[in-house]
Amino acid sequence: MVNWKADLNSLIEETMAFAKSVRVEPSMARTVVEPNRMPPVNWMESEREDIRQRVANFKAHQQRFIREREDCAASEWNRMLESQR
């Protein structure tokens, strides 16, 4: 049991010595890069337009569902009436 502890301590010492001996230097000099400046955006107007567009899409989607439901109900009604004849 003492042998593995000695091996572990030896490995730790070797690793620490290796870590201290390694010197890492940056490959390039650091420079400050200025970000690209975007033109100012009127967020309030663009958000309102986005909301208007989403509401319009939602309403169109709901209208399509209503039409499909009415068409389905009408076709079922016609099918039931024809089956009673």
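The figures that follow rest on heavy atoms only: side chains count, while hydrogens, waters and symmetry mates do not.
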Step-by-step salt bridge (Lys or Arg N to Asp or Glu O under 4.0 Å) determination, R79 to E76 | CA-CA 5 Å; R79 187 181 61 79; E76 285 296 315; 2.7 Å; yes
Test item: S10 side-chain N/O and A6 main-chain N/O as donor-acceptor pair under 3.5 Å | no
Given the options R64, E68, R69, I66 meets side-chain contact (heavy atoms from CB on, under 4.5 Å) only with R69
Before accepting this row, confirm whether a basic side-chain N of the pair E70/R67 lies closer than 4.0 Å to the acidic partner's carboxylate O.
-> no
Taking only residues two or more places apart in sequence or in another chain, which ones pass ring-ring contact (aromatic ring centres under 6.0 Å, His included) with F65?
-> H61
Output a table of donor-acceptor pairs, distance under 3.5 Å, between side-chain atoms of residues 51-60 and any protein atom two or more places apart or on a different chain; print 'none' if there are none.
{"unit_1": "R52", "atom_1": "NH1", "unit_2": "E49", "atom_2": "OE1", "d": "3.4"}
{"unit_1": "Q53", "atom_1": "NE2", "unit_2": "N57", "atom_2": "OD1", "d": "3.3"}
{"unit_1": "R54", "atom_1": "NE", "unit_2": "D50", "atom_2": "OD1", "d": "3.4"}
{"unit_1": "R54", "atom_1": "NE", "unit_2": "D50", "atom_2": "OD2", "d": "3.2"}
{"unit_1": "N57", "atom_1": "ND2", "unit_2": "Q53", "atom_2": "O", "d": "3.4"}

Distance col, row L11:CG vs W4:CH2, nearest 0.5 angstrom, shows 12.5 Å
Rounded to the nearest 0.5 Å, what's the gap from CE on M80 to CD on E82? Could you check?
-> 11.5 Å
